[in-house]
Amino acid sequence: MISAERAAEIAGLYYDDVYHLCLSRLKNEADAADVTQEVFLFFQDKYSELEDNFIKSWLFSVANNKIKEQFRHIAKREKELIFGTVSETQTSTDILYEMEEDNKITDEELEEKKQTILSSLTEKELELFEMVYTKHLEYAELAKALDISEHAVRSRVYRLRVKIKERASFMFMALLLLTMKL
């Protein structure tokens, strides 16, 4: 077990570096702080197994793994909210309804936000958006329809998702996609 003094010393040396790594990857201060805290809590459990000259690299390695876990969690949650059932008793639509009730999102606000996001897309992006989210085409089908490689399709879909997420919060994107009526 690590002493409180040694834990404080290590945190003093590396906390800011680990936090900035997390923030640069996650782009969210709260998530970065949570992941950084997880890293240092995990460190306290594993300290006795580590050599002092490898602590910094170990912390960064753990931080990278925790960041990947965070991304997987976000992706899983996004997929559940957009496409499927969260649990046997509660569907994504139920959760979104609860969110709407909690946040008092009106239909007018939803439609306004949806139009703002859609109006920011280029014609090609709108076409891709419709094929992915309305027609639910697979990457191979998209590649054939657009006459480009699957790799290029994946890149375009990724860039489209990033652009949409930049203009809408994570939860609102789920609302947008579930309520889309093109």
Side-chain angles (χ1 to χ4, degrees), residues 1-105 109-110 113 117 120 132-133 139 150-151 154-178:
M1 185 80 190
I2 188 171
S3 69
E5 295 82 25
R6 182 68 176 146
E9 177 186 350
I10 298 295
L13 289 171
Y14 304 119
Y15 186 91
D16 287 341
D17 293 334
V18 172
Y19 173 77
H20 288 295
L21 169 69
C22 295
L23 182 60
S24 71
R25 298 271 313 277
L26 295 169
K27 309 288 190 229
N28 180 298
E29 290 180 3
D31 289 342
D34 288 345
V35 170
T36 302
Q37 182 179 6
E38 288 179 31
V39 168
F40 280 93
L41 287 173
F42 190 63
F43 167 75
Q44 288 181 356
D45 291 340
K46 299 296 182 181
Y47 175 74
S48 62
E49 301 171 22
L50 301 173
E51 293 181 33
D52 283 350
N53 49 339
F54 294 113
I55 289 175
K56 183 176 183 178
S57 62
W58 185 89
L59 289 169
F60 277 91
S61 179
V62 171
N64 276 316
N65 289 334
K66 296 286 185 185
I67 290 166
K68 288 175 188 174
E69 284 177 20
Q70 184 74 8
F71 283 134
R72 281 191 293 271
H73 175 74
I74 290 168
K76 179 181 177 196
R77 186 74 176 142
E78 180 179 283
K79 185 177 178 182
E80 289 172 343
L81 286 170
I82 295 170
F83 298 112
T85 302
V86 174
S87 69
E88 292 180 15
T89 60
Q90 189 174 36
T91 65
S92 56
T93 306
D94 297 333
I95 288 175
L96 293 172
Y97 176 77
E98 290 172 10
M99 285 171 34
E100 186 174 336
E101 286 299 306
D102 290 344
N103 297 319
K104 304 296 185 222
I105 298 171
E109 290 171 324
L110 182 63
K113 189 67 171 173
I117 292 168
S120 71
V132 171
Y133 295 110
Y139 287 124
E150 264 189 67
H151 180 73
R154 289 178 189 276
S155 294
R156 287 184 185 182
V157 170
Y158 173 79
R159 286 192 306 270
L160 176 64
R161 286 181 178 145
V162 168
K163 187 171 184 177
I164 291 171
K165 286 179 182 180
E166 285 174 354
R167 287 161 177 78
S169 69
F170 165 72
M171 292 300 178
F172 189 81
M173 181 183 170
L175 282 169
L176 171 71
L177 295 174
L178 279 175

List for me each residue that meets ring-ring contact (aromatic ring centres under 6.0 Å, His included) alongside F40, sequence neighbours excluded, and say none if there are none.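 For F40 the ring-ring contact (aromatic ring centres under 6.0 Å, His included) partners, ignoring immediate neighbours, are Y15.
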
Is there a donor-acceptor contact under 3.5 Å from the side chain of K163 to the main chain of S120?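 Side chain of K163 to backbone of S120, a donor-acceptor pair under 3.5 Å: yes, one is there.
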
So, does T36 use its side chain to make a donor-acceptor pair with the main chain of A32 at under 3.5 Å?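 It does hold such a pair.
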
Under the salt bridge (charged side-chain N to carboxylate O under 4.0 Å, His left out) rule, what pairs show up with a residue in residues 1-11, not counting sequence neighbours?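 Qualifying pairs, neighbours excluded: R6-E9, R6-D52.
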
Rounded to the nearest 0.5 Å, how far does [atom2] of [Y] lie from [atom1] of [X]?
X   : Y   : atom1 : atom2 : answer
I55 : F43 : CD1   : CZ    : 4.5 Å
I10 : L59 : CD1   : CG    : 7.5 Å
D31 : R25 : CG    : CZ    : 13.0 Å
Q70 : L26 : CD    : CG    : 6.0 Å

Output all residues satisfying side-chain contact (heavy atoms from CB on, under 4.5 Å) with E150, sequence neighbours left out; order by chain, then residue number.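 Residues passing side-chain contact (heavy atoms from CB on, under 4.5 Å) with E150: Y139, A140, A143, R154.
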
Using side-chain heavy atoms (C-beta onward) and a distance below 4.5 Å, is [X] in contact with [Y]?
X   : Y   : value
V62 : V18 : no
D17 : K56 : yes
V39 : N65 : no
Y19 : Q37 : no

Kindly give the heavy-atom pair with the smallest separation between V35 and C22, and that separation in Å.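 Looking at all heavy atoms of both residues, the shortest contact is CG1-SG, 3.6 Å.
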
Could you tell me whether W58 and F42 have their ring centroids closer than 6.0 angstrom?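 Judged by ring-centre distance (under 6.0 Å), W58 and F42 do meet the cut-off.
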
